[in-house]
Every structure is written in C-alpha cells, then in structure tokens.
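Encoded as structure tokens, the structure appears first; notes follow it.
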Amino acid sequence: MDLEILQGEGGKVVADCAFCRGKGTDPFRLLSKISLCQVCGGRKEITVPAPAIRCAFCGGTGIHRHQRLSCDVCGGKGIVGIKAPVETCPDCKGKGVVSGDYLPCLKCKGTGVVTKK
Ligand SMILES: [Zn+2]
Ligand SMILES: [Zn+2]
Ligand SMILES: [Zn+2]
C-alpha cells in the first residue's frame, strides 16, 4: 500500500471537508435541505493536526461504511492526524477494518497505520 503522508503547514493540514465534498451542506439532508454540514459546520474545509493520512476506514470519503453518518474514525473529515513515523498496520494490512468488514481495527483504530516503535 502506498502511504501518502500529508505534512501540511504550521503543524496542521487543511483540506476540503470530505463529508460534504467541500460544499458545506449536509450531504444526506437529514434535517433540512439547507442543513449545514455537521463535520465542517458549513466552513467547507477542515483542519487536522499534521502529519495526517487519508482515513483507511472510510477510504477518505468521511462517510461511515454502513450508515449515512460521518465516519467513526476520522469524524467525517476524511483524513486523520497520525504520529509519525508510521507503518502499515500488521493486523488489518492497512485496511482499517477487522475481518467481517464492519468495525474499525482495534490496533490502528481504523487509520490503517500504527506508529513505529
Ligand atoms: Zn463539510
Ligand atoms: Zn474516515
Ligand atoms: Zn489495523
């Protein structure tokens, strides 16, 4: 697996909000058509501490694998802050999920990587 590590600037990574795809509105329109995105609060972009990687559990979409909710692992941001240096999680092989494909991997908490010892 190619691991792309986002270094960001000034200790943080700013990216388009994955959950709403940078639109700022709730992608599922659960509350109303004009609901603000619950993840970015309508700001359209999100910030996580650097370095960060694409969330393995949701594949960077910010959307929960099985429900119309924000991803448990990245909180809907699509990227997660990590503690470098990291390596691919040996338990889930970087997929971020345990067998059965439902719950986040416990070892890497769904990020797909673990901090190198
Ligand atoms: Zn958003
Ligand atoms: Zn995620
Ligand atoms: Zn894992």
Side-chain angles (χ1 to χ4, degrees):
M1 181 180 92
D2 263 350
L3 200 59
E4 190 193 349
I5 299 190
L6 308 167
Q7 297 296 347
E9 277 179 49
K12 58 187 179 169
V13 177
V14 180
D16 279 353
C17 175
F19 193 63
C20 64
R21 298 176 188 272
K23 292 197 175 70
T25 49
D26 185 341
F28 300 126
R29 301 185 177 175
L30 291 178
L31 300 177
S32 87
K33 277 187 181 168
I34 53 160
S35 297
L36 291 179
C37 170
Q38 59 187 289
V39 174
C40 61
R43 288 186 299 272
K44 303 179 184 177
E45 53 180 33
I46 50 87
T47 306
V48 301
I53 56 160
R54 194 173 67 144
C55 174
F57 190 61
C58 65
T61 62
I63 295 169
H64 195 283
R65 294 168 78 97
H66 304 283
Q67 293 168 282
R68 303 203 316 174
L69 294 169
S70 55
C71 171
D72 284 343
V73 174
C74 61
K77 295 178 174 181
I79 55 176
V80 281
I82 50 160
K83 283 203 175 77
V86 291
E87 60 189 357
T88 303
C89 174
D91 277 21
C92 65
K93 309 285 187 286
K95 292 199 194 79
V97 289
V98 286
S99 53
D101 218 34
Y102 191 75
L103 294 170
C105 171
L106 286 175
K107 190 171 182 75
C108 62
K109 299 187 180 66
T111 60
V113 297
V114 289
T115 302
K116 270 186 204 167
K117 296 261 156 59

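Given the structure is predicted, the values throughout are model-derived calculations rather than measurements. Whatever order the structure lists them in is the order used to number ligands and atoms, beginning at 1. We use all heavy atoms of the structure for the numbers below, so side chains are in, but hydrogens, waters and symmetry mates are not.
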Exercise. Considering all heavy atoms of both residues, which atom of Cys40 and which atom of Gly24 are nearest to each other, and what is their separation?
Worked result: SG-CA, 4.2 Å

Exercise. Is the backbone of Lys83 close enough, under 3.5 Å, to the side chain of Thr115 for a donor and an acceptor to pair up by distance?
Worked result: yes

Exercise. So what does the Cys71 SG - the Zn ion (ligand 2) - Cys55 SG angle come to, to 10°?
Worked result: 110°

For this session: With the Zn ion (ligand 1) as the centre, enumerate protein N/O/S atoms below 2.8 Å in chain and residue order.
Result: Cys17 SG, Cys20 SG, Cys37 SG, Cys40 SG

Problem set entry | Under-2.8 Å protein N/O/S neighbours of the Zn ion (ligand 3), ordered by chain then residue number | Cys89 SG, Cys92 SG, Cys105 SG, Cys108 SG

For this session: Quick one: closest heavy-atom pair of Lys77 and Thr47, and the distance?
Result: NZ-O, 3.2 Å

Seminar exercise, completed: Closest non-hydrogen atoms of Thr88 and Val114, given as atom of the first, atom of the second and distance, are O-CG2, 4.4 Å

For this session: Confirm or rule out an N/O/S atom of Cys74, from backbone or side chain, lying less than 2.8 Å from the Zn ion (ligand 2).
Result: yes

Exercise. Any sub-3.5 Å donor-acceptor pair from Arg65's side-chain atoms to Tyr102's backbone N or O?
Worked result: no

Seminar exercise, completed: Closest heavy-atom pair, Phe57 versus Cys71, reported as atoms and distance to 0.1 Å, is CD2-SG, 3.7 Å

Problem set entry | Chi angles and distances behind the side-chain contact (heavy atoms from CB on, under 4.5 Å) call for Ile82, Ile5 | CA-CA 9 Å; Ile82 50 160; Ile5 299 190; 4.3 Å; yes

Exercise. Under the 3.5 angstrom rule, does the side chain of Lys12 hit a backbone N or O of Glu9 as a donor-acceptor pair?
Worked result: no

Seminar exercise, completed: Thr111 and Ala56 have their tightest heavy-atom pair at O-CB, 3.3 Å

For this session: Report yes or no: does Lys116 contribute a side-chain atom to a donor-acceptor pair with the main-chain N or O of Ala84 at less than 3.5 Å?
Result: no

